[in-house]
Each structure stands twice: as C-alpha cells, then as structure tokens.
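Each ligand, and each atom within it, is numbered from 1 in the order the structure gives.
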Amino acid sequence: MTSTPTLYRATFMHTPTSPFADPHALHTSADGGVLVEGGLIRATGTYADLKATHPEVAVQDLRGGLLLAGFIDTHVHFPQVRVVGGLGMPLLEWLERNALPEEARLADQTYARAVAQEFTRALVQSGTTTALVFGSHFAPAVDLLFEEASRLGLRTVAGLVVGDRLLRPELHTTPQRAYDEGLALAQKWHGVGRNLYAVTPRFSLSASEGLLEACGALMRQMPDLRFTSHINENDAEIATVRELFPDAPDYLGTYEQAGLVGRRSVLAHNVHPTDRELGVMAAHDCTAAHCPCSNSALGSGFFPLGRHLAAGVHVSLGTDVGGGTGFSMLKEGLQAYFMQQLLGPEGVPLTPAHLLYLATLAGAQALDLQDQVGDFSVGKQFDAALVKPAAGTPLRAVFDHADSEDRLLAATFASGTSADLAAVWMGGEVVYSRA
Ligand SMILES: O=c1[nH]c(=O)c2nc[nH]c2[nH]1
Ligand SMILES: [Zn+2]
C-alpha cells in the first residue's frame, strides 16, 4: 500500500447518513478534494481548501467524472457467474434447471478457480469493493474464492453454502460436516486481510433443523461471524418451508429458533414477509437484502420497501447474480426505483440519494462495517469508483451538459453501466483501471 498522501481532486458525492432518516444525507462537492494516506481518508472538503492546507501533497486530477464510494453488494452468488440469463422460470424450477447443475460443477477445483477469477474480476470491474457472497457447497471452492478475492484486495464476506435436503445429492452435506468445514474455513479466513466469514445455509427449504442448529453452533463458537441466507422469496418456496417446519411460526422462525437472527444477519429477498417477521427483524436489527433485478427476472414479486421501513427493518441492495441479471449496482438501484414507481401509492419514491445510500452505506451497515467503508467520512478506507463516461457515449453528453451535480448522479443510475467506470480503488490502491 502506498503511504504517500494523495489529494484526489474530483466532483464527489456520498451519503454519510441515511436519506430515509435525514433529508440532507447526500453530500456533494463540485470541485472537491479527498486526502488519502495509508489507504485511509484523512480529510475531505473543497479542493481549494485542502490544497491550501496541504500544498506539498501530490494531486490526482479526476475532474470530468463523478467519484462515488465503492459499491457494496450484499447478496451475490459466486458459483452462478456463468448462468446469468436463465430467464422465464420461477425460483424452484430455475434452481433445478439452471443454478444447481452449475453449482455441482464447482466440485472440480480447476473449474472453481476459473469461476472464482471471473467472479472477483466482475465485481471489481463493476465498482463493487465489498460483497457479501454466497460461496459454494464445496469447501475447496470457497477456499479458492477467498484466495482470488485476496489477490485482488476485494473486501469479501463469504462462507460455505450448506444444505442437506432437496438439492442435488452431490450438494448435500451433514450437520457435523457443515460445522467442521465451516469452522475450518472461518478459522482460516475470518479477519484475515479484508476477508470475513459468513455462516450460509442455502435456505430453510434445503436445511433440516439439525443443519440450522449446526449453523447456530458455529455462530456461537465464533460470535463475530456474519450470517446470511434466503427468505420469503417465492410463494411455492414459502409454502414448502411451512410444510417442512410445522412448528415454526413462519419462515423467519426457522432461522430464529436456531439463533441465527441478529445484528449481523442479512436475509436476501423478503418479498413476502408477515408483520411478525418484520417486527422480529427490526427488533434484532438484522437486514433484508433487496434484489430487485432477481425479483423481476424470476417473477418473485414486488419488494414491500414501505412495510420494511415502517417496521424499522434495515434494507440494503444485492445483485443476486445469477438469479439477478448482472453485477452492476447502478442497474440494481435503478430497478429498485422502477419497482417502487410501479407499486403506485404503496411504493416508496426513491431519489438518487436513496439509490446511492442503498448501494453503499446501507450495505456497510448491514455487514457491521460502517466504521470502515460506505462513504468518504474521515477515517474510513478509500474504497471508491470513478464514473467517467468515455468520449462519444450518451452519458458523456449528459455529464458535459448537466446543469447540476444532482443531475450527474441521477443520470449515472439511470443509464450508467460498468463501462462508464474509469477506475476503482480499494484501501487507497487502484484495483481496476479502464484501458
Ligand atoms: O435467488 C435465489 N438464488 C439462489 O441461488 C437460491 N437458493 C435458494 N434460494 C435462492 N434464491
Ligand atoms: Zn440468492
């Protein structure tokens, strides 16, 4: 890591607070400066002020672009890079025909390494600097994922995916094996470099009570671990879970009774929650990871964002590759906006500030990493993405003629793609630079 201080001169925007609670959450600096040293943000302000107080410091001129905090994807599947685009099927059919056959291929470590490289590169090239990743059902493949992520410096929260029924037999494990392999991986990777470990039962449909208890035992053994799974995504899935767990009050209850719902739990989807579930999620301060592209592609339904917010449930954003349609958190934000618009009076009107927050700080909060990443506050890591559309592109035309900085952010979410990113930094180091 370079410890020489650098002053980045840029138009920058970030959300140090939530726009759902604070109308002034979006901070914008038109000709701003971000002073970075040792990978950390030391000061922010206007470029002129920072240059005056630090005249000796090297300047990197990023003008002509829009510097954003690195994106935080809180739900994405490592083994599913190659099966994006399995359209036209609801969840359970999509799993059987599209996702699980591919997940079985990761038993082969040469195959798994190639997929891990494709996956980590795709995240970085999309401006994602932190990700909560559904790993593989195979421990060696999870090892490879952490290796490849470490090579790039990606902040990765991931774990062994476990299930012991209703998948393909080669993907099934046992409670004891899930515990042993999970513990070994967590001991090897949790807190090492930028990696953290997440206990990851696939979903209650594919997990016996014993398996969920083994997950709970692992969380008690290492209380600092994160927890993630799926919940309330699809009507047929929910009905099956109710049949499999007749004594649980609802879907969330299956995780709750194993001690898996807490501050560091992230549950993906939650498209069809009950009021009881929302109340419990709020009480435990856990997170619903909203995956609007996946919900649209699989026809899972409209995420009730208004009900989550009214109940006090924290919400973040996930691409859910490969149920989702790609790695872009810009596209994910736009789809979240579309779906709330289409809900009419029940929808929550989302502004570009909300989208930026959902794509950045909300994810940091979900992972309990808000002291380290998520915005450009002093003391945080310099994880950042520079949106700088190339000459001749339509977004470049908007950037060149925008009458306000807000317009840049709105246009970035409305039509920006990963190709519009010129550079990505993690911990102050450039990890991606457009050719
Ligand atoms: O969107 C989803 N993708 C998956 O891979 C999966 N597994 C269980 N439930 C799931 N939902
Ligand atoms: Zn998923």
Residues [X] and [Y]: side-chain donor-acceptor under 3.5 angstrom:
X: Tyr179; Y: Glu213; result: no
X: Thr412; Y: Asp420; result: no
X: Gln335; Y: Ser296; result: yes
X: Ser404; Y: Asp406; result: no

| Counting only heavy atoms, which portion of Leu205 has something under 4.0 Å from ligand 1: side chain, backbone, both, or neither? |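 Neither part.
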Which residue and non-hydrogen atom of the protein lie closest to [atom], and at what distance in Å?
atom: atom 5 (O) of ligand 1; value: Arg202 NH2, 2.6 Å
atom: atom 11 (N) of ligand 1; value: Glu233 OE1, 2.7 Å
atom: atom 6 (C) of ligand 1; value: His230 CE1, 3.4 Å

| request: Would you mind listing which atoms of ligand 1 come within a distance below 4.0 Å of any non-hydrogen atom of Leu95? | output: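 In order of number, 4 (C), 5 (O), 6 (C), 7 (N), 8 (C).
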| task | Using the ring pair (Phe, Tyr, Trp, His ring centres under 6.0 Å) rule, collect all pairs that involve residues 66-110, keeping only residues at least two apart or in two chains. | result |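 Pairs touching residues 66-110 that pass the test: His75-His77, His75-Phe134, His75-His230, His75-His269, His77-Phe134, His77-His230, Phe78-Phe119.
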| Gln80 to ligand 1: N or O pair under 3.5 Å? |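 By distance alone, the answer is yes.
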| request: Please determine if Trp94 has a nitrogen or oxygen closer than 3.5 Å to a nitrogen or oxygen of ligand 1. | output: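 No; the residue has no nitrogen or oxygen that sits under 3.5 Å from a nitrogen or oxygen of the ligand.
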| task | Mind listing the closest non-hydrogen atom pair of Asp375 and Ala69 along with its distance? | result |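 Heavy atoms only, the tightest pair is CA-CB, 3.8 Å.
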| Is it true that His272 and Tyr251 have ring centroids separated by less than 6.0 Å? |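 Ring centres of Tyr251 and His272 not closer than 6.0 Å.
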| message | Centroid separation under 6.0 Å, is that true for the rings of Phe376 and Phe12? | response |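 Yes, they do, as the ring centres are separated by less than 6.0 Å.
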| Reference residue Arg155; test side chain to side chain contact (heavy atoms under 4.5 Å, CB included); the match among Leu367, Thr129, Ile72, Asp383 |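 It is Asp383; the other options fail the test.
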| Is any protein N, O or S atom closer than 2.8 Å to the Zn ion (ligand 2), and if so, which? |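 Those protein N, O or S atoms (cut-off: under 2.8 Å from the Zn ion (ligand 2)) are His75 NE2, His77 NE2, His230 NE2, Asp320 OD1.
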| Contact check, side chains of Thr173 and Leu160, non-hydrogen atoms, under 4.5 Å |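 Heavy-atom side-chain distance check fails, nothing below 4.5 Å.
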| query | Is there a heavy atom of Glu237 sitting under 4.0 angstrom from any atom of ligand 1? | reply |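 It does not; every heavy atom stays at 4.0 Å or beyond.
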